[in-house]
Amino acid sequence: MSLIKFFFLLPSKGKFLQGFAHNDELKVQADQVWRQLDGLSLILLIVAVVLGLGLAAFYYTGYNELPGRHYKISHWAIWAGITTVVALIVTAIIEYVGIQTRITSGLTFLYWLCAINNALYALFMYFITSVVWCNFFRTNAYKFLKF
């Protein structure tokens, strides 16, 4: 099953390959890059879920149990930003390490679009986890998302 379609910021495969249409060898390698990225897509989505859930859980447990007044909306937003940045960096590292190619240009934009997309998913998971946590679990944090 192809999960790359969940990365809505990415161009279509055909549009991506058009940039390499002038050279058949590069086009074959670009197609291989697309397939490798598709193969990594499950791992990238798992990273987004784990980071979103994990950092939200840490915010609502460990961080808010520390001495001081951490139960403010600004602290929640800071941790949302941390979740987004960490997901962005981890996704980019996985892409640059996990995709093997000889193409030296034309991939940076694709990689960063995918990383931004994954960071948005991690932020979404952070928000959903926060809503669930505020409504169903005991926490010292300010429950501004409680319904």
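Excluded from the calculations below are hydrogen atoms, water molecules and symmetry mates; all remaining heavy atoms, backbone and side chain alike, are included. One-based numbering along the sequence shown.
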Where do [X] and [Y] come nearest, in terms of heavy atoms and distance?
X: Leu51; Y: Thr83; result: O-CG2, 4.0 Å
X: Cys114; Y: Leu37; result: SG-CD1, 4.1 Å
X: Thr129; Y: Gly52; result: OG1-O, 4.2 Å
X: Asn117; Y: Leu9; result: OD1-N, 2.9 Å

- Item | Geometric class of the Tyr63/Phe58 ring pair [parallel <30°, tilted 30-60°, perpendicular >60°] |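 Judged by the thresholds at 30° and 60°, the geometry between Phe58 and Tyr63 is tilted.
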- Hey, can you tell me if Phe16 and Phe20 have their rings parallel, tilted or perpendicular (30° and 60° cut-offs)?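 The arrangement is perpendicular - the two ring planes meet at more than 60°.
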- Query: In this structure, which one of Leu45, Val47, Leu53 forms a side chain to side chain contact (heavy atoms under 4.5 Å, CB included) with Val49?
  - Reply: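 Of all the options given, the one that passes is Leu53.
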Throw together a table of side-chain donor-acceptor distances under 3.5 angstrom for residues 87-95, partners on residues two or more places apart or in other chains.
residue, atom, partner, partner atom, Å
Thr91, OG1, Ala87, O, 2.7
Thr91, OG1, Asn118, ND2, 2.8

- Before giving the answer on side-chain contact (heavy atoms from CB on, under 4.5 Å), spell out for Ile99 and Leu40 the whole-Å C-alpha distance, their side-chain angles and the decisive distance to 0.1 Å. CA-CA 8 Å; Ile99 297 176; Leu40 286 175; 3.7 Å; yes
- Please find out if less than 6.0 Å separates the ring center of Tyr126 from that of Trp76.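 Aromatic pair counts; centres sit under 6.0 Å.
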- To the nearest 0.5 Å, what is the distance between OG1 (Thr108) and CG (Leu113)?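 Nearest 0.5 Å value for the OG1-CG distance: 11.0 Å.
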- How far apart are the C-alpha atoms of Leu42 and Ile46, what are their side-chain angles, what is the distance that settles it, and do they pass the side-chain contact (heavy atoms from CB on, under 4.5 Å) test? CA-CA 6 Å; Leu42 177 62; Ile46 290 171; 4.0 Å; yes
Say whether [X] and [Y] are linked into one hydrophobic cluster, either directly or through other cluster members, by side-chain heavy-atom distances under 4.5 angstrom.
X: Phe8; Y: Trp34; answer: yes
X: Phe136; Y: Tyr60; answer: yes
X: Leu44; Y: Tyr111; answer: yes
X: Ile43; Y: Tyr96; answer: yes
X: Phe7; Y: Leu110; answer: yes

- Item | Backbone of Phe6 reached by a side-chain donor or acceptor of Tyr121 within 3.5 Å |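 Yes, Tyr121 side chain to Phe6 backbone: donor-acceptor pair under 3.5 Å.
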- Main-chain N/O of Gln100 paired with Gln36 side-chain donor or acceptor, under 3.5 Å: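 Pair found, side chain donor or acceptor close to backbone of Gln100.
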- Tyr59 vs Ile82, side-chain contact (heavy atoms from CB on, under 4.5 Å): CA-CA, chis, key distance, verdict: CA-CA 11 Å; Tyr59 168 75; Ile82 290 169; over 6 Å; no
- Message: Applying side-chain contact (heavy atoms from CB on, under 4.5 Å) to Asp31 and Lys13, what does each step give before you reach the verdict?
- Response: CA-CA 8 Å; Asp31 184 56; Lys13 181 179 179 180; 2.7 Å; yes
